[in-house]
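The analysis underlying the following values was restricted to heavy atoms, covering all of them including side chains, and did not include hydrogens, waters or symmetry mates.
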Amino acid sequence: MDHTTDWADGGPTDHGNLAHLCRRHHRFKTLGFWKARQPEPGVMEWTSPTGRVYRTEPFLELAPPRPVPDRLGETVPPF
């Protein structure tokens with residue numbers, strides 16, 4: 001796990017500031033070759049040394065929550 005905004009620079013340890021990086025990408029970011037930011041949790045924007053921006057979004061599709069029956073067997077919303 002890596003802090004997108006470094007912890008030493010005030011970056012929080014929360015979902016919107018953490019990313020799974022391989023060793024190579026972590027070093028490129030740490031050494032300042034590439035810049036990384038998360039405009040929203042899970043979405044990464046990488047800026048190359050030439051200034052080109054690459055955006056990755058998580059591939060995760062969640063189904064809407066299913067209704068659940070209550071004690072009487074009637075369907076109720078899940079919230």
What are the two closest non-hydrogen atoms of [X] and [Y], and how far apart are they?
{"X": "Pro41", "Y": "His15", "answer": "CB-CD2, 3.2 Å"}
{"X": "Gly42", "Y": "Pro58", "answer": "O-CD, 3.2 Å"}
{"X": "Met44", "Y": "Ala36", "answer": "CE-CB, 4.0 Å"}
{"X": "Thr4", "Y": "Ala19", "answer": "OG1-CB, 4.3 Å"}

Original post:
Would you call the rings of Tyr54 and Trp34 parallel, tilted or perpendicular, where under 30° means parallel and over 60° means perpendicular?
Top reply: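 Tilted.
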Original post:
With the 4.5 Å side-chain cut-off for hydrophobic clustering, are Leu21 and Phe33 part of the same group?
Top reply: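 Leu21 clusters together with Phe33.
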**OP:** State, yes or no, whether a side-chain contact exists between Val43 and Arg55 at a heavy-atom distance under 4.5 Å.
**Re:**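 The answer is yes, as the side chains (C-beta and beyond) meet within the 4.5 Å cut-off.
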Original post:
Just wondering, do Trp7 and Thr13 contact through their side chains at under 4.5 Å, heavy atoms?
Top reply: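 Yes - at least one pair of side-chain heavy atoms lies under 4.5 Å apart.
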Subject >> Partner of Trp46 under side chain to side chain contact (heavy atoms under 4.5 Å, CB included), chosen from Lys29, Lys35, Arg52 >> reply: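 So, applying the side chain to side chain contact (heavy atoms under 4.5 Å, CB included) to Trp46 and each of Lys29, Lys35, Arg52, only Lys29 qualifies.
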Original post:
Considering residues, nucleotides and ligands other than His25, do more than 12 of their heavy atoms fall under 6.0 Å from its NE2?
Top reply: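 Open: at most 12 neighbouring heavy atoms sit under 6.0 Å from NE2 of His25.
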**OP:** Assess whether side-chain contact (heavy atoms from CB on, under 4.5 Å) is satisfied between Thr5 and Gln38, documenting all intermediate values.
**Re:** CA-CA 9 Å; Thr5 300; Gln38 286 191 67; over 6 Å; no
Subject >> Chi angles and distances behind the side-chain hydrogen bond (donor to acceptor under 3.5 Å, both in side chains) call for Asp2, His26 >> reply: CA-CA 7 Å; Asp2 177 64; His26 184 268; 3.1 Å; yes
Original post:
Short question: side chain of Glu45, backbone of Pro39 - any donor-acceptor pair under 3.5 Å?
Top reply: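 No.
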